[in-house]
Each structure stands twice: as structure tokens, then as C-alpha cells.
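Since the structure comes first, as C-alpha cells, the remarks are kept for the end.
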Amino acid sequence: MSEAKTDNRVSEIFELFYKHLNNFLAEANPNHEEYTEFVKWADCLGRTGELPLFMDVFIESSVLKNMYSDKPGTEPSLLGPYYVEGAPILEKPYKLPMRENEKGEKLVFSGKVTDVDGKPLANTLVDMWQDDADGYYSSFDSEAPPYNLRGRFYTDENGYFEVETIVPIPYQIPTGGPTGEFLKMIDQHPYRPAHLHIMFKHKGYETLITQVFFEGDEWLETDVADGVRPSLMTKLHDHGDHKRASLDFAMRYDD
């Protein structure tokens with residue numbers, strides 16, 4: 001029965017895709033040379049392994065907006081191509097794994113996790129990852145050890161958490177391959193604003209995958225991946241030798 005449902009859904013989506021694709025082609029009216037060049041470029045996209053990157057930048061945000069625009073709770077944002085499973089479980093006081101003398105300004109980030117009705121969610125698993133002070137993610141074109149600036153931890157009995165890390169910085173997505181080539185063609189910059197990635201898991205609730213952004217970032221309004229949501233922005237507060245920021249999150253019930 002499950003296989004039949006899956007096949008029906010695939011057919012439904014493909015028929016809709018094919019209908020709108022034909023309408024698009026009728027309006028754009030590409031010639032055969034343009035079509036051939038597109039096929040070559042798409043083949044390169046797959047061969048270089050950049051298809052996930054391209055989809056994250058140009059498609060995922062629209063999918064999320066369509067799914068959650070009329071639902072309560074914290075807005076999701078992109079998972080992105082830099083997630084790595086199995087980050088270490090941290091012990092209190094929580095601090096993301098770092099190299100000795102890790103570059104960057106110290107950041108203490110905190111928040112409270114509730115359900116959409118405001119009930120605190122104790123023992124919620126928080127999975128957090130980010131770029132370093134050079135704009136790189138561990139395990140991706142970085143000299144940092146595995147799981148650098150990646151960690152998992154739990155909320156307390158009141159749904160609260162606090163974790164030490166560094167202030168993330170804006171960075172540009174890879175531009176040496178077909179995705180970068182495409183950005184040049186459409187005259188689009190490759191930058192993302194500084195952000196933290198966070199995933200929340202709690203039994204009985206939908207997994208929440210989102211990001212946290214910071215007021216004043218120059219790339220907020222032109223994020224190449226369209227991942228910024230006004231509700232996901234917070235402010236960096238100066239505390240002398242470190243910055244502090246906070247944001248609360250509300251998880252949806254798992255239907």
C-alpha cells in the first residue's frame with residue numbers, strides 16, 4: 001500500500017511539473033542551442049556534486065515558505081549543505097568544540113524552547129553548527145578538525161539553553177563550479193549573512209531546522225539563499241570581553 005501511495009504522489013508531482021514546464025518553455029521560447037548548453041551545464045552540476053548546493057540556494061527556501069507560511073511556531077530556514085550528523089553530545093556548561101586559540105569573538109547564545117502553546121519543552125535535543133572566523137565549516141574545505149564548532153546538547157527543565165561559541169561571519173558560497181557560473185550569468189552575488197544553524201528534536205514534535213541571524217548584517221536583505229526571516233533575527237549585545245544574543249523557539253506538534 002505504501003508503495004502505491006508513493007508512486008501516485010510521484011506521478012501527481014511530475015504531471016504538475018510537466019504542465020508548468022511546458023508553459024514556461026512556451027513563454028521563454030529557448031532555441032535548441034540554449035537548450036543544449038543548459039543540458040551541458042546541468043550535467044556539470046551533477047558531476048561536480050553541486051546539485052545539493054544549487055538546490056539549497058535556489059529552491060529550498062521556496063519549499064519551506066510554501067510549507068509553513070500559514071502555520072504557527074518558529075519559521076524554519078535552510079538545512080544547507082554543511083550539516084554533518086553525529087556531532088558530539090556536550091556536557092554543561094555547554095561550549096561548541098573549538099581549536100586551541102580559536103579565532104573569533106566569543107559569543108554566548110541562549111534561548112528557550114516551547115511548543116506553539118507556550119509550554120516549555122525540557123530535554124529538547126539541540127543540534128548546532130556554524131562557520132568559523134574565516135567563513136569555513138569543519139569537514140568542508142577547512143583545516144579544522146571534524147566537528148569543530150558543531151555540537152549537540154539539551155534544554156533544561158524550563159526549556160532553556162545557553163551555549164558558548166564564537167560570532168559567525170558572513171561568507172560566500174563556493175563559486176568555482178557551475179553554481180558560481182550561474183550566479184555570474186544572472187549577476188547575483190554569492191554571499192550569505194552571518195548565521196547560526198540549529199536543529200531541534202523532541203518526541204511528539206516536528207523536527208525544527210532553522211537559522212539565527214543578527215541585526216545590522218549587510219547581507220540580510222540580499223541573502224543569496226533567501227534564507228533570512230525577520231522572526232529569526234536577534235541582536236548582538238556587547239559585554240566587554242564577549243557578545244551575547246538570544247532567541248526563543250516554538251516547536252509544532254507532530255501530526
Side-chain angles (χ1 to χ4, degrees), residues 52-54 56-58 60-61 64-65 74-84 87 90 94-99 101-111 126-145 147-153 161-175 179-180 183 188-200 208-249:
L53 173 65
F54 186 85
D56 287 340
V57 171
F58 293 103
E60 186 177 358
S61 186
L64 292 173
K65 287 180 179 179
T74 297
E75 293 182 270
S77 191
L78 317 175
L79 174 66
Y82 300 122
Y83 176 65
V84 175
L90 309 181
Y94 298 139
K95 179 178 179 180
L96 293 191
M98 301 181 194
R99 292 163 288 192
N101 298 320
E102 184 79 37
K103 292 192 298 183
E105 188 171 14
K106 177 181 174 180
L107 169 64
V108 177
F109 180 73
S110 61
V126 185
D127 193 340
M128 183 171 164
W129 67 103
Q130 66 172 92
D131 67 343
D132 62 21
D134 292 317
Y136 295 108
Y137 288 81
S138 58
S139 299
F140 295 89
D141 297 325
S142 170
E143 297 179 354
Y147 301 117
N148 195 64
L149 295 175
R150 301 175 183 272
R152 293 180 293 166
F153 47 91
F161 68 88
E162 181 175 285
V163 59
E164 179 184 331
T165 181
I166 62 169
V167 177
I169 68 165
Y171 64 88
Q172 69 173 30
I173 64 171
T175 57
T179 302
L183 289 173
Q188 168 69 49
H189 72 74
Y191 283 92
R192 296 220 61 211
H195 56 277
L196 303 171
H197 291 268
I198 310 185
M199 181 188 301
F200 300 92
L208 172 60
I209 301 171
T210 194
Q211 298 180 14
V212 176
F213 302 90
F214 303 95
E215 295 178 9
D217 193 296
E218 63 178 310
W219 304 107
L220 287 173
E221 296 184 3
T222 58
D223 177 14
V224 65
D226 190 28
V228 178
R229 314 283 185 262
S231 64
L232 300 179
M233 283 198 283
T234 187
K235 185 175 183 178
L236 289 169
H237 297 276
D238 193 349
H239 283 254
D241 65 341
H242 70 283
K243 294 286 199 301
R244 282 186 173 267
S246 64
L247 193 68
D248 294 337
F249 305 88

query: For the side chain of Arg150 and the backbone of Ser138, is there at least one donor-acceptor N/O pair under 3.5 Å apart?
result: yes

task: Carefully, step by step, assess Arg99 and Glu143 under the rule salt bridge (charged side-chain N to carboxylate O under 4.0 Å, His left out).
output: CA-CA 11 Å; Arg99 292 163 288 192; Glu143 297 179 354; over 6 Å; no

query: How far does CG of Leu79 sit from CD1 of Ile209, to the nearest 0.5 angstrom?
result: 5.0 Å

field: Straight-line distance of Gln130 CD to Leu107 CG, nearest 0.5 Å
entry: 7.5 Å

- request: Please determine which of Glu164, Glu105, Glu162 meets the salt bridge (charged side-chain N to carboxylate O under 4.0 Å, His left out) test together with Arg244.
  value: Glu162

statement: Heavy-atom closest pair (Asp132 atom, Ser142 atom, distance to 0.1 Å) is OD2-OG, 4.1 Å

Gap between atom CZ of Arg229 and atom CG of Leu64 - 0.5 Å precision: 6.5 Å

field: Derivation of the side-chain contact (heavy atoms from CB on, under 4.5 Å) call for Ser77 and Leu232
entry: CA-CA 9 Å; Ser77 191; Leu232 300 179; 4.0 Å; yes

query: Are the ring centres of Phe249 and Phe200 closer than 6.0 Å?
result: yes

task: Determine the minimum heavy-atom distance between Ile198 and Phe109, stating which atoms define it.
output: CD1-CE2, 3.7 Å

- prompt: Would you find a donor on one side and an acceptor on the other, under 3.5 Å apart, between the side chain of Ser61 and the backbone of Leu78?
  reply: no

When the side chains of residues 212-220 are checked against the rest of the protein, which donor-acceptor pairs come out under 3.5 Å, sequence neighbours left out?
residue : atom : partner : partner atom : Å
Asp217  : OD1  : Trp219  : N            : 2.9
Asp217  : OD2  : Ala194  : N            : 2.9

task: Without swapping roles, check the side chain of Thr234 against the backbone of Ser246 for a donor-acceptor pair under 3.5 Å.
output: yes

- prompt: When rounded to the nearest 0.5 angstrom, what is the spacing between CE in Met128 and OG1 in Thr165?
  reply: 5.0 Å

Gap between atom OH of Tyr171 and atom NE2 of His195 - 0.5 Å precision: 3.5 Å

- prompt: How are the rings of Phe58 and Phe54 set relative to one another: parallel (under 30°), tilted (30 to 60°) or perpendicular (over 60°)?
  reply: tilted

field: Pro97 side chain near Leu90 side chain, heavy-atom distance below 4.5 Å
entry: yes

- prompt: Taking everything shown except Lys235 itself, do over 12 heavy atoms lie less than 6.0 Å from its NZ?
  reply: no

task: Give a yes or no on whether a salt bridge exists between Lys103 and Asp134, defined as a side-chain N under 4.0 angstrom from a carboxylate O.
output: yes

query: Rounded to the nearest 0.5 Å, how far apart are CG of Leu149 and CG of Asp131?
result: 8.0 Å

- line: Tightest non-hydrogen contact, residues Ser139 and Val84, listed as CB-CG2, 4.3 Å

- request: Could you check Val108 against His239 for side-chain contact (heavy atoms from CB on, under 4.5 Å), going step by step and ending with a plain yes or no?
  value: CA-CA 10 Å; Val108 177; His239 283 254; over 6 Å; no

message: Atom OH of residue position Tyr83 - does it have more than 12 heavy atoms of other residues, nucleotides or ligands inside 6.0 Å?
response: yes

message: I need the minimum non-hydrogen distance between Ala87 and Asp127, along with the two atoms involved.
response: CB-OD1, 4.3 Å

- request: Take Leu96 and Trp129 through the test side-chain contact (heavy atoms from CB on, under 4.5 Å) and record every step on the way to the result.
  value: CA-CA 8 Å; Leu96 293 191; Trp129 67 103; over 6 Å; no

- prompt: Around Asp241, counting heavy atoms of other residues, nucleotides and ligands shown, do more than 12 lie under 6.0 Å from its CG?
  reply: yes

task: Give the ring-plane orientation class for Tyr137 versus Tyr82, where under 30° counts as parallel, over 60° as perpendicular and anything between as tilted.
output: parallel

message: Using every non-hydrogen atom in the two residues, find where Val57 and Val224 come nearest and quote the distance to one decimal.
response: CG1-O, 3.4 Å

Closest approach of Asp238 to Lys243 (non-hydrogen atoms, all atoms of both residues): CA-CD, 3.7 Å

Note, Ile173 side chain near Leu183 side chain (heavy atom, < 4.5 Å): yes

